[in-house]
Amino acid sequence: MSTFQAPKGTYDLTPPDSAKFLAVREAISAPLRDSGYGYIETPGFEDVELFARGVGESTDIVTKEMYTLTTKGGAELALRPEGTASVLRAALEANLHKAGNLPVKLWYSGSYYRYERPQKGRYRHFSQVGAEAIGTEDPVLDAELIILADQAYRSLGLRQFRILLNSLGDKECRPVYREALQTFLRDLDLDEETRRRIEINPLRVLDDKRPDVQKQLTDAPKLRDYLCDACKAYHEEVRALLTAAGVVYEDDEKLVRGLDYYTRTTFEFVHDGLGSQSAVGGGGRYDGLSEMIGGPALPSVGWALGVDRTVLALEAEGVELDIPATTSVYAVPLGEEARRALFAVVTELRRAGIAADFAFGGRGLKGAMKSANRSGARFTLVAGERDLAEGVVQLKDMESGEQSAVPLAEVVAELTTRLG
Ligand code: AMP
């Protein structure tokens, strides 16, 4: 071990486990790529104001969890705590919404940072794969995104996840509800911080996990009873589309999510094997966000799925991902001359598109064969002085154990054939 360790609340991805993370990112993004979503990448940091305005001044993310910094030039930046505000900022900046092709459908994958109290499933650096569909109000789009996330999780073999669904109303009906809720909450026995929250973002009080708070919320006014007709109809349509697609969901009127920008459809994917950090992903509609960050009205919807927690969910369910060995051919040279000859073969194999690796460092046969085994390679090539004198290499099929001498000049062609 060196003097240094990964910072508190972070961990490193190292082989072989890192392959799982890559596979999860791949599985989550595949359905998006097949559904017209284009890849977007934005910087790891943004103007701190973007998140203050976009994510919301009253959220824990902005008030407590942001990593902020002042640059030498005096700019106030924050490491990105989430993806949506940045993606929308980038789409507006590039005028993607003016190209006459709405919705603008984008997907992304990257690192996010929140100064949280670390525990299993909650880190200060974590990975998300996300999707945003910008500029269109259409319940089919909300349904599409939920269906694609469901498809991604199923393709990974996950089964014990649930989809929670709610509608948060829009700028017509939510303010009416908000006031009714505030009136109710002000009469409760709550601590100072929660009282402040009532005034800034009362819906989030409903999300309080403490039992003594929850007990007092039983008779709180229900958002469902306040939804305007347009929101009701929209939500019914999303529900019907999900049902038609065979996607099972649960109505959860307590679901408000920790970000201020959501309107109408909101949803969360929870996994029952994860303990307290059970949300593996979430998202919803954010019809007002573009205007909040200075853009035109662009009703949009999106989600982000946590890669770290998805990996934990796979482990909790005991799902072993089928991750194919990365190396097909492993070369073991015995002696100086063989080293040069086999390295030339390996280079040629790689150029022919065959994944090949090599026993470096002039190791003995026994140790090198162990590495060959560990690599998962289907074939090994072994050559010593005598083989080279005869112009051959020994080709061993690691599955059947069969070994045969193949002329050096033909080995690439032979392997190409055998590997199909
Ligand atoms: P959120 O934007 O908070 O809804 O986050 C979306 C998803 O990202 C969550 O469902 C988690 O899977 C993941 N996530 C959020 N915060 C963390 C964290 N601190 N550590 C690990 N994963 C996280």
Side-chain angles (χ1 to χ4, degrees), residues 6-13 20-21 24-25 27-29 42 46 50-51 54-56 58-67 78-88 107-132 145-146 149-150 152-153 156 158 160-166 168 201 203-204 207 209 252 254-262 265-286 289 300-316:
K8 184 176 173 191
T10 72
Y11 62 101
D12 303 305
L13 290 181
K20 267 196 250 179
F21 281 72
V24 165
R25 288 194 186 109
I28 296 176
S29 57
T42 64
E46 297 274 353
L50 173 69
F51 300 119
V55 179
S58 74
T59 61
D60 283 352
I61 293 180
V62 168
T63 54
K64 299 185 196 153
E65 297 169 2
M66 237 171 7
Y67 282 89
L79 299 188
R80 58 184 179 188
E82 60 100 51
T84 304
S86 311
V87 167
L88 188 54
W107 76 272
Y108 58 88
S109 171
S111 290
Y112 297 85
Y113 307 86
R114 292 181 195 174
Y115 189 73
E116 301 209 65
R117 203 164 38 76
Q119 64 184 90
K120 187 162 169 131
R122 188 157 80 182
Y123 310 106
R124 291 180 172 178
H125 164 260
F126 57 96
S127 302
Q128 290 183 337
V129 174
E132 315 290 350
L145 276 163
I146 296 172
D150 177 80
Y153 280 147
L156 281 164
L158 282 177
Q160 291 160 27
F161 65 88
R162 291 180 291 129
I163 302 173
L164 310 180
L165 184 69
N166 195 18
L168 292 181
N201 193 344
L203 264 74
R204 295 213 43 244
D207 206 22
K209 301 281 185 287
D252 179 357
K254 290 242 171 70
L255 181 71
V256 295
R257 314 223 347 103
L259 296 82
D260 279 355
Y261 52 60
Y262 287 111
T265 313
T266 43
F267 49 89
E268 204 152 80
F269 286 76
V270 294
H271 193 277
D272 291 326
L274 293 186
S276 65
Q277 303 305 307
S278 62
V280 287
R285 186 155 269 289
Y286 48 92
L289 178 58
S300 307
V301 56
W303 51 242
L305 308 188
V307 177
D308 310 75
R309 284 190 203 164
T310 302
V311 170
L312 290 174
L314 287 167
E315 286 165 6

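Note: hydrogens, waters and symmetry copies are ignored here, and every other heavy atom, side chains too, is used. Ligands are counted one by one from 1 in listed order, and the atoms in each one are counted from 1 as well.
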Is any N or O atom of [X], backbone or side chain, closer than 3.5 Å to an N or O atom of ligand 1?
| X | answer |
| --- | --- |
| Leu305 | no |
| Val280 | yes |
| Glu268 | no |

Just heavy atoms, cut-off under 4.0 Å: does [X] contact ligand 1 by side chain, backbone, both, or neither?
| X | answer |
| --- | --- |
| Tyr123 | both |
| Gln128 | side chain |
| Arg122 | both |

Heavy atom of Glu82 under 4.0 Å from ligand 1?
no
Single hit among Lys209, Gln119, Arg122, Lys120 for side chain to side chain donor-acceptor pair (under 3.5 Å) with Ser276:
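Answer after filtering Lys209, Gln119, Arg122, Lys120: Gln119.
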Distance-only, no hydrogens or angles: does the Ser278 side chain make a donor-acceptor pair with backbone N or O of Leu274 under 3.5 Å?
no
Verify, without hydrogens or angle tests, whether Arg309 (side chain) and Ala279 (backbone) share a donor-acceptor contact under 3.5 angstrom.
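Here the side-chain-to-backbone pair exists.
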Considering Gly306, Pro118, Pro81, Gly121, which one's heavy-atom position lies nearest to atom 21 (C) of ligand 1?
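Residue with the shortest heavy-atom distance to the ligand atom: Gly121.
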Any salt bridge linking Glu315 with Lys20? Criterion: basic side-chain nitrogen under 4.0 Å from a carboxylate oxygen.
yes
For this output row, return yes or no: ring centroids of Tyr113 and His125 closer than 6.0 angstrom.
yes
Could Arg285 and Tyr262 be counted as a cation-pi pair, given that NZ or CZ must be under 6.0 Å from the ring centre and within 45° of the axis?
no
Numbered atoms of ligand 1 (with element) below 4.0 Å of Gly281, judged on heavy atoms
10 (O)
